[in-house]
Amino acid sequence: MQAMQAMQWCGRLIAVAIVFQTIELLQLRRLTRNDGIWAWDAIKCDYEGFPRPVSTMLAWVLHWRVYAHLLRLRLLFALVALWSPHPWLWWLLFCFCLLASMRWRGTFNGGSDRMTLVVLASTCLASSFPDRPLVVLGSVLHIAVQAMLSYFVAGVGKFGSANWRTGRALPRFLRADGYDPPRAARHLLRGRSRAWIASWCIIFFECGSPLALAGPRCCLLFIGFAGLFHLVIFCVFGLNRFVFAWAATYPALYFASTFSL
């Protein structure tokens with residue numbers, strides 16, 4: 001797989017992720033009304049420190065009446081980018097995603113939004129300079145390294161947590177008020193030994209992410225486990241955004257596993 005080919009696949013997959021993210025945001029109309037928890041009047045104070053022209057512009061752009069139209073444009077541009085990618089489309093999508101982060105006080109869904117911006121930024125650069133091999137190579141390797149580090153740092157963090165090492169963390173997540181996991185998941189992790197085994201499987205998987213760069217076969221095996229991991233997280237906790245955002249990094253990760261100087 002060539003660097004530009006990997007970059008093109010990353011672009012197509014992140015466009016799919018943006019389509020689903022945008023549809024999800026458009027379904028939050030009732031939460032952004034004046035009586036909703038995400039009403040503009042409740043969050044506009046965060047931007048009062050900007051110069052007046054900037055804060056005035058943001059107050060207009062990020063108010064739901066205007067922002068909803070921008071989301072529809074974002075959806076349209078993402079769909080167009082699936083079949084007819086162009087550098088200006090990627091830059092517009094990048095700006096739209098930055099606006100989304102501002103509208104939702106940082107990020108709407110944490111890591112998945114940040115990974116979306118990572119992939120989009122690299123796609124913008126690679127598509128803007130397709131005749132510069134080093135720019136394209138650097139863009140695709142940047143995505144691969146960020147993807148690998150996202151797993152590795154999470155694994156090291158879990159390894160440093162006593163709750164994860166003893167298997168107490170997963171059952172606590174399942175009992176959290178913000179989630180409604182299936183009964184099968186609760187039953188599977190009911191015993192302490194099962195929760196301990198599941199916890200260490202996740203720790204070993206995430207800490208072993210650098211092995212994905214050891215070669216194409218190792219990378220494909222890792223991608224298979226990673227995809228399954230995100231699907232399970234989606235089924236148990238409903239975190240669907242991680243599936244699509246990280247899937248967009250896998251072509252770059254596979255290219256990096258085949259790359260040699």
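The figures that follow rest on heavy atoms only: side chains count, while hydrogens, waters and symmetry mates do not.
Follow the hydrophobic side-chain contacts under 4.5 Å out from Met57 and you reach Tyr67 in the same cluster. Note: the hydrophobic cluster containing Val156 does not contain Val153 (ILVMFWY, side chain heavy atoms under 4.5 Å, direct or indirect links). Under the 4.5 Å side-chain heavy-atom criterion for grouping Ile, Leu, Val, Met, Phe, Trp and Tyr, Val66 is connected to Phe77 within one hydrophobic cluster. Placement of Leu25 and Val61 within a single hydrophobic cluster is found when ILVMFWY residues are connected by side-chain heavy-atom separations under 4.5 Å, directly or transitively. Both Leu117 and Phe96 belong to a common hydrophobic cluster when Ile, Leu, Val, Met, Phe, Trp and Tyr are linked at side-chain heavy-atom distances under 4.5 angstrom.
Shown here for Ser139 and Met7, the closest heavy-atom pair between the two residues is CB-SD, 3.9 Å. In plain terms, the two heavy atoms of Cys207 and Pro210 that are nearest each other are O-CD, 3.3 Å. Considering all non-hydrogen atoms of both residues, Arg12 and Leu82 come closest at O-CD2, 3.3 Å. Across all their heavy atoms, Tyr250 and Gly227 have their closest contact at OH-N, 3.9 Å. When all heavy atoms are compared, the tightest approach of Ala78 to Leu93 is N-CD2, 3.9 Å. For the residue pair Ala198 and Leu170, the shortest heavy atom distance occurs at CB-CD1, 3.8 Å.
With a 4.5 Å cut-off on side-chain heavy atoms, Ile202 and Trp164 count as touching. Side-chain contact between Asn240 and Glu24 is present, with at least one heavy-atom pair separated by less than 4.5 Å. Side-chain contact check for Leu213 versus Phe259: every heavy-atom pair is 4.5 Å or farther apart. Looking only at side-chain heavy atoms (C-beta outward), Leu13 and Phe244 stay at 4.5 Å or farther from each other. Proximity of Met115 to Thr249: side-chain heavy atoms (C-beta onward) are separated by under 4.5 Å at one or more points. In this structure the side chain of Gln5 reaches within 4.5 angstrom of the side chain of Trp9, judged on heavy atoms.
Put simply, SG on Cys10 and CD1 on Ile14 are 8.5 Å apart, with the number rounded to the nearest 0.5 Å. Note that the SG atom of Cys97 and the CD1 atom of Ile18 stand 4.0 Å from one another [nearest 0.5 Å]. Here OG1 of Thr258 is found 14.0 Å from CZ of Arg217. Values are rounded to the nearest 0.5 Å. Here Ile223 contributes atom CD1 and Cys218 contributes atom SG; the two are 11.5 Å apart, rounded to the nearest 0.5 Å. Taking OG of Ser122 as the start and CZ of Phe94 as the end, the distance is 9.5 Å to the nearest 0.5 Å. For the atom pair Leu76 CG and Leu92 CG, the distance stands at 11.0 Å (nearest 0.5 Å).
Qualifying ring pair (Phe, Tyr, Trp, His ring centres under 6.0 Å) partners for Phe205, counting only residues two or more places apart in sequence or in other chains: Tyr151, Phe222, Phe229. Qualifying side chain to side chain contact (heavy atoms under 4.5 Å, CB included) partners for Ala68, counting only residues two or more places apart in sequence or in other chains: Trp64, Arg72. Applying the ring pair (Phe, Tyr, Trp, His ring centres under 6.0 Å) test to His142 and every residue at least two apart in sequence or in another chain returns nothing. Legend: residues meeting ring pair (Phe, Tyr, Trp, His ring centres under 6.0 Å) with Phe225, ordered by chain and number and at least two apart, are absent. Partners of Phe152 according to the ring pair (Phe, Tyr, Trp, His ring centres under 6.0 Å) rule, which considers only residues two or more places apart in sequence or in another chain, do not exist here.
Side chains of Gln21 and Thr116: a donor-acceptor N/O pair is present below 3.5 angstrom, by distance only. A donor-acceptor pair shorter than 3.5 Å can be found between the side chains of Ser150 and Trp246.
Looking at Arg241, its side chain never comes within 3.5 Å of a backbone N or O of Ser112 through a donor-acceptor pair. Proximity of a side-chain donor or acceptor of Ser257 to a complementary backbone N or O of Tyr254 within less than 3.5 Å is detected.
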In a table with atom names and distances, give each donor-acceptor pair under 3.5 Å that connects a side chain of residues 123-131 to protein atoms at least two apart or in another chain.
| unit_1 | atom_1 | unit_2 | atom_2 | d |
| --- | --- | --- | --- | --- |
| Thr123 | OG1 | Val119 | O | 2.7 |
| Ser127 | OG | Thr123 | O | 2.8 |
| Ser127 | OG | Cys124 | O | 3.1 |
| Ser128 | OG | Trp91 | NE1 | 2.8 |
| Ser128 | OG | Cys124 | O | 2.7 |

